[in-house]
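Okay, structure first, notes after.
Residue numbers run from 1 in the order of the sequence given. If you're wondering where the values come from, they're calculated on a predicted model, not measured in any experiment.
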Amino acid sequence: MATSDGAAADACTAHNLDSHGIGSLDEEVSVSPQHEEFDRIVGELENIVVGDEFAEFQQTFFDEHCMEFDDQEENKLSYMEIFKSYHDKFEAHLEAGLGRSIPGFSMDKFTKQLESHKHDIDVSIFDMLLAMDDFLEFKALMLSHKAAKEGGGRAVQLEISTLTIS
């Protein structure tokens, strides 16, 4: 169906678009309060994990425990105990930081929100949160840290890039 230029212009105006179909920058986008809360939590989470306090926590923990790990296929029982300790401290560190910034913060509620918003956050944040529960990723980080400590290379650390929220 063919339309005149006037009809196309009217359609663009009705949708707050210019004559090229591009939206106005002045246009307000409606975001739900739940989405705003999720965005705020993710922003605070990024601030925590890129901060010096978190880097010091991770460095200290890895320094204290990395020598226990060996690059063998069979895992020692002590590895799981160390992993559980790291997981618990990591989660407590995040919860404490988020609790200071966001009154009423709940890690359980955030975890549920994360499932439905996993495509709305930067991949590195999502991967970091998944790695918190991934023993093999944790073991690889420990072995990398051990190699660096022994002078055999550079330690791999959890790094977070600039957050992109859509």
Side-chain angles (χ1 to χ4, degrees), residues 15-17 22-69 75-149 153-166:
H15 294 291
N16 214 13
L17 303 175
I22 298 173
S24 166
L25 294 177
D26 298 331
E27 172 182 335
E28 286 189 33
V29 177
S30 177
V31 178
S32 73
Q34 294 84 5
H35 197 81
E36 284 180 7
E37 176 188 36
F38 181 79
D39 290 350
R40 183 168 175 228
I41 292 170
V42 171
E44 290 298 325
L45 178 65
E46 180 184 37
N47 290 337
I48 291 167
V49 298
V50 299
D52 293 337
E53 187 179 333
F54 182 78
E56 185 178 320
F57 151 72
Q58 189 171 349
Q59 181 74 34
T60 301
F61 191 91
F62 283 22
D63 283 346
E64 290 174 3
H65 300 287
C66 71
M67 299 311 280
E68 174 75 26
F69 288 78
N75 295 313
K76 299 177 188 175
L77 182 59
S78 61
Y79 296 178
M80 282 308 257
E81 293 168 1
I82 294 169
F83 173 65
K84 172 109 174 77
S85 175
Y86 177 77
H87 177 275
D88 292 347
K89 289 178 181 180
F90 182 95
E91 189 171 305
H93 186 83
L94 290 181
E95 270 190 284
L98 290 168
R100 283 190 300 269
S101 303
I102 301 169
F105 173 76
S106 163
M107 186 62 89
D108 290 335
K109 182 179 175 185
F110 176 66
T111 303
K112 289 175 184 154
Q113 288 176 323
L114 191 60
E115 284 300 314
S116 63
H117 290 89
K118 62 185 170 188
H119 300 292
D120 294 340
I121 67 171
D122 187 82
V123 172
S124 58
I125 292 274
F126 191 74
D127 288 347
M128 187 241 351
L129 293 172
L130 288 179
M132 178 176 80
D133 288 329
D134 185 338
F135 171 74
L136 294 177
E137 179 68 21
F138 173 77
K139 182 180 177 186
L141 289 170
M142 279 294 191
L143 290 171
S144 171
H145 192 82
K146 179 181 179 179
K149 195 170 181 178
R154 209 173 130 229
V156 174
Q157 294 184 335
L158 295 175
E159 293 184 16
I160 306 302
S161 64
T162 304
L163 187 63
T164 306
I165 299 175
S166 38

Who passes side-chain contact (heavy atoms from CB on, under 4.5 Å) against [X], sequence neighbours left out?
| X | value |
| --- | --- |
| Ile102 | Arg40, Ile41, Glu44, Leu98, Phe105 |
| Met80 | Phe83, Phe135 |
| Thr60 | Glu56, Glu64 |

Shortest non-hydrogen contact from Ser101 toward Pro103 | O-CD, 3.7 Å
Euclidean distance, [Y] [atom2] relative to [X] [atom1], rounded to 0.5 Å:
| X | Y | atom1 | atom2 | result |
| --- | --- | --- | --- | --- |
| Phe54 | Asn47 | CZ | CG | 13.0 Å |
| Asp133 | Phe90 | CG | CZ | 9.0 Å |
| Asp39 | Gln113 | CG | CD | 10.0 Å |
| Asp63 | Gln58 | CG | CD | 10.5 Å |
| Phe62 | Tyr86 | CZ | OH | 4.5 Å |

Steps toward side chain to side chain contact (heavy atoms under 4.5 Å, CB included) verdict (His145, Leu141) = CA-CA 6 Å; His145 192 82; Leu141 289 170; over 6 Å; no
Okay, side chain of Lys146, backbone of Phe69: is any donor-acceptor separation there less than 3.5 Å?
-> yes
Between Ser85 and Glu81, is there a donor-acceptor pair closer than 3.5 Å when you use the side chain of the first and the backbone of the second?
-> no
Set of residues satisfying ring pair (Phe, Tyr, Trp, His ring centres under 6.0 Å) with respect to Phe110, sequence neighbours excluded | Phe38
Residues which pass side chain to side chain donor-acceptor pair (under 3.5 Å) with Asp88, listed by chain and number, not counting sequence neighbours =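 Asp88 satisfies side chain to side chain donor-acceptor pair (under 3.5 Å) with Lys84 only.
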The side chain to side chain donor-acceptor pair (under 3.5 Å) partners of Glu68 (sequence neighbours excluded) come to Ser78
Would you say Glu53 and His93 make side-chain contact, with heavy atoms under 4.5 Å?
-> yes
So do Glu46 and Val42 actually touch side chain to side chain, heavy atoms under 4.5 Å?
-> no
